[in-house]
Q: 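Input: one structure, supplied below.
Both backbone and side-chain heavy atoms feed into the values below; hydrogens, waters and symmetry mates do not. A, B, ... follow the sequence lines: proteins, then strands. Residue 1 opens every chain.
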Amino acid sequence: MRWKGDVAIITGRYLSADESTIMELWSRARNGQSVLLRVHGVRPWFEITPHGRWKDGENHPNLPETYEEITEVRGPEMKWTYLGEKPVWKVFVKQPFMVPKIRQELSGKWTILSGDIPFVNRFFLDGDLSMHVTVDGEVCESEHPVDVCIDISMDEVKHCEPFPAPFKIFSFDLETSIAHDTILCAAAVIEDMGTGERERHTFSEDEQTILENLTKLVRETDPDIITGYNIDNFDMGRILDRANFVSGNDKEKKIRTLGWGRVSTDEQGRRRDTLFPTRGTSRAWNMAGRCVMDAWWQARQALRPQRETLKFVSTLLFPESEDMQKMDVDASKMDEEWKNRPEEVIEYCLRDAELPLDIMHKIQAFRRKEAVAAVAKVSLDTSANGTTSQLIDSLVIRMADRTGIGVPLTGSAERKEGQIEGGYVHDVEAGLHRWVAILDFKSMYPSIMIGKNICYTTRIDDMLSDAFSPEDYEKSPTGAKFCHDGIRRGMVPKLLEDLMSQRDVHKAGMRNASDEAQRSYHDQMQYAVKILMNSFYGVFASGFYRFTHRQLGESITAWARQNIKTIIQKLGDEGQHVVYSDTDSIFVKTPVDGVTDPRQAMIEFGHSTAERFSEKSAELEFETGMSVFFSHGAKKRYVGQVVWPEEKMMIKGYETQRTDSFRYLTEGMKNIFKHVLADDSEAAINLAIETISAVKKGDVPVRDLIMSKSCKGRWDRKRAKWDFSQDYANPDAMIQVRAARAIIDKGLPFTPGMKIAYIVTNAKNRPMEIKPWLEEDPVAEYDGQFYADRLATAFGRVTEAFDWSAKELLAGNRQTSLFSF
DNA sequence: CAGGTATCCTAC
DNA sequence: TAAGGTAGGATACCTG
C-alpha cells in the first residue's frame, strides 16, 4: 500500500543497517497524521584533495582504497578551493559514524572536504529539500509509535510549498519537593494545532507512577513538540534524574518512566539512546522524533522582558487574565503546601502547564520557527534549537555542492585573532536639535556583500594573486581583493540576492492576501527571510565558520565606514549639520530658515537628501523624521519626537530601554523626556526633583524599585551545588550572584542565564545588601538614599544639559552650586 | 575618592 | 569543545 501526501519534518536520525544506512525522519502530515519517513539509498561520503596548491600533472598521494570502512573512491572531479582548482575524490564509507576516524587518519596526506556534515543533513542538501516535502512511498510495518511509516527513496520526495503544519504540542509542568527533590505532582496539556483542541491531564500518584503515566501519555498522544516553562534547565533534567533514580538498574522500568522518544521501546544498543531524552553539552534537549522548545527561552528572545518568571511573562502578555490574579501557591514552601492543600497545588501545576502554550502562541513561536526552517531549508528542530551557522550552512553548502566548490571543515581555517574593526559611530552633539531627518542605508551589510561580490569564493588569496590582473578584482579599503562577478560570482552575493527577491515576493503576498491566514503566512516568511539575511554578516565575520576569512568581515565593515564617512563629509562640505551617525544611519538637521512648514520641509529634505546620496548597492532611505532630538552627548543614547511617518516618542539606549533598570526610574525618565522634548526644561527639572525626593522619603511602592540582572552559573555535579566561579572572576562581588544564592538557599529553583530580581536594602555596606524579590514574599523596605542617588545620576545626565547637576537635583535646589563658587 | 576591572545590556 | 559580529555606556566593586 502507498501513502502520499505533504509532510513537515520535525527532526531525524540515521540507523546503520548491515549493508546500508537508513535515515529516519519524523514528520507531521498536512492531514494531521504523524508520518515516519524511512529514506533508503543515501550513502555516507566525504571528499579528499591533496594539500596545498595543485599543478597539472602533479602526483597525488595513494588513494585510500585499503581501508575496511571505505567502500568506494570515486573521481577525481575538479573543484574550487581557496588555493585554486584542485582534484577532489569522493570517498564512500560504510556508515556515517566511521567518518571521524578515517578523516583523522587521512588528514596527514589529504585535505578533507565535506567531512563534518551530519548525515541526516544530506536529505535536505542532496535533495535540495526544505522542512515541507511531498512524499509518495510504500507503507511499511513499524514498531515505532507513529500513525504511518513509509519506505522511500530520494526520488520519491519532492519539494512542497510551505504550509502551516498541524503540530501536536505537549506542554507540561512538575511540582517538586524542596526537601527531597522528588516529583510531587505533574500536569500536561496537549494541543492539536490542526483543530485547536486541547486535552488536560494531571498526575498525583506516587513518583514512579507519575513518571510512568507521563511517559505513557507522551507515547499515546504522539506530540511533535514538547514545551513548558524553563523545561530545558529544570523539568527535563528532573524527569531524567528521578526516572534514573526510581529505575536503578531495571532497564524495563527506565523505559516505562523515561521512554519519551518517538521510537519503539524494543530498541537495542546504540539505537536506544534516542528513546531517552539527552542533553549533551548543548542548551537544547534531544530525543528521537520530537523537538523540545522551552517557552522561557522563546519568550525571553521574543519579548526581552524585564523579569523572566512565568508569572511576569504571563501578566505581560495577558494582563486581563483572571487566572493570574488567583492566589498563588507558595513555591518556596512547596512541601508544606502539598501537604496542606494538594488540590490547589495540582490546579496550580495544571495552570503552569497550560500557560506556556498560550505564551508560545502569543509570540507565534511555532510558526516563526517553521518559517525560518522553510527559508533556511532545515528541519523544525534545527530551526528551533540549532545555531545561526547551521542555517547558513544549509544554504551555502547546498550551493557549493551544485557549483563545484569544495566544502572545508569547520575549524580548518586559520583562527581569527583579535577583533575586526566594526561600524563607525559619529560623536553626538549634546542638547536639543530641531527637525532632524534620519537617513538609513537599506540592508547595509548584505548590500555591500552583493555589490562588492564579497564571498569566501571570490576572495583572492595572496598566494594566488599572480594568477589575477588588477582589472579582475576590486580592492577593499583594507587591501583585500575580491574578484569581479564576471570572473566568478560569489555564493553569498547570489544567495543574498535570492533572499532579497524572496522577501519582495512575500511582501507583495502580504499586500495581496485575501485573508488573514494568508497575510500572516507571508508576514512570517518575509520576517524569516529578513532574519536570515541579517545573519550572514555575523557568521562570515566570525572566527570559526567554515567559509570565512577575516578579510571578509574586515572588508565589509571597511566599505561601510567608507560609505558613511564619505556622505557625512559631503554633507558637511555642503554646510549641512550632521547631528549623529551610527553604522548605517545619518541624522541630519533640516535647514528651516524662512520655512513656513518645517515638518513638510523635513520630509522633502529627507527624501531628496537620501536620493542624492544613494548609489547602486548603497541605497539611502529617509526612514524617520523628528521635530526634536535630544542627547546628553553620549553615543547610542538619544530621544526624539518622531513626526514622520508617524507620531511617537523614540528613546534609544537610555535607562528606559534597559531591562536591568527599575520601573520607577524608567517611568520617571520617560516623563522627564516628555518635558524636555516639549522644550519645558523647568518642568523636567521639577519633576526630577520631586521624583527623587519621593523615593528618598520612602514613599514609593517597593514593587516599582525591583531591579533585575541575568545570572550565569553551572551545576557542579561532584559537589552537588551551584558553581559561579567558572563564570565570574569574583562571584561574591556580583549583585545577581548574591541574589541567586539567596534564592537557592530558600530551596527555590535557579536557572543559569535567567534574570534575578532584587531590591537594594542597604547600600552603605560594601558590597551592598540586597534581597531577592519573590512574588510570594515581597520585600518591605528599601534603601531610599541608594535609589535617590541612582535616580539623580540618571536624571542628572539629562538635566545637566540645562545646567542642573545630579547633586543639585538631590538637594532639591541650586544652593549647593551657588555656595560652591 | 580616582582609576581600573569585570560585567551587563543595548544600538547597530 | 561551542560557536553570528563590533561599538559603546554605565554600574558595582576593589585597590591604593
Q: Donor-acceptor pair, A:Tyr782 side chain versus A:Val695 backbone, under 3.5 Å?
A: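 Yes, the answer is positive, given that a donor and an acceptor are paired below the 3.5 Å cut-off.
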Q: Using only modelled atom types and a 3.5 angstrom limit, is any donor from either the side chain of A:Arg658 or the base of B:dC9 paired with an acceptor on the other?
A: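 Looking at the base of B:dC9, it does pair with a donor or acceptor on the side chain of A:Arg658 (distance under 3.5 Å).
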Q: Rounded to the Å, how far apart are A:Lys652 NZ and B:dT10 C1'?
A: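 It works out to 10 Å between those atoms.
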Q: In whole Å, measure the gap between the P atoms of C:dA7 and C:dA3 for me.
A: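 Taking atom P in both C:dA7 and C:dA3, they lie 24 Å apart.
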Q: To the nearest Å, how far apart are A:Ile756 CD1 and B:dC8 P?
A: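 Result: 12 Å.
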Q: Can you tell me the distance, in whole Å, between the NZ atom of A:Lys709 and the P atom of B:dT10?
A: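 Atom-to-atom, A:Lys709 to B:dT10, this comes out as 12 Å.
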Q: Among C:dG4, B:dT7, B:dA11, which nucleotide has an atom closest to any side-chain atom of A:Tyr728?
A: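 Given the options C:dG4, B:dT7, B:dA11, the side chain of A:Tyr728 is closest to B:dT7.
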Q: What orientation do A:Trp722 and A:Phe750 show, parallel under 30°, tilted 30 to 60°, or perpendicular over 60°?
A: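 Ring orientation of A:Trp722 relative to A:Phe750: perpendicular.
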Q: Counting heavy atoms from C-beta on, name the nucleotide in C:dA7, C:dA10, B:dT10 closest to the side chain of A:Ala634.
A: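 Ranking C:dA7, C:dA10, B:dT10 by closest atom to the A:Ala634 side chain puts C:dA10 first.
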Q: Between C:dA7, B:dT7, C:dT11, which one does the side chain of A:Lys636 approach most closely?
A: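 Taking heavy atoms from C-beta onward, the closest nucleotide is C:dA7.
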Q: Rounded off to whole Å, could you give me the CG-to-P distance for the A:Asp440 and B:dA11 pair?
A: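 Interatomic distance, CG of A:Asp440 to P of B:dA11: 14 Å.
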Q: Should the pair A:Phe673 and A:Phe630 be assigned to parallel (<30°), tilted (30 to 60°) or perpendicular (>60°) ring geometry?
A: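 Ring orientation, 0 to 90° scale: tilted.
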Q: What nucleotide among C:dA10, C:dC14, B:dA11 has an atom nearest to a side-chain atom of A:Arg797?
A: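 Of the candidates, C:dA10 comes closest.
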Q: A:Ser542 has a side chain; which of C:dG5, C:dA3, C:dT11 sits nearest to it?
A: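 Between C:dG5, C:dA3, C:dT11, the one nearest the side chain of A:Ser542 would be C:dG5.
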Q: Distance check, P atoms only: B:dC12 and C:dG4, in whole angstrom units.
A: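 Roughly 23 Å separates the two P atoms.
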Q: Would you tell me if any nitrogen or oxygen in the side chain of A:Thr659 comes within less than 4.0 Å of OP1 or OP2 on B:dT10?
A: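 Yes, because at least one side-chain N or O of A:Thr659 sits under 4.0 Å from OP1 or OP2 of B:dT10.
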Q: Does C:dG4 pair with anything, Watson-Crick or G-U wobble, both distances under 3.5 Å, and if so, with which nucleotide?
A: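 Across all strands, not a single nucleotide pairs with C:dG4.
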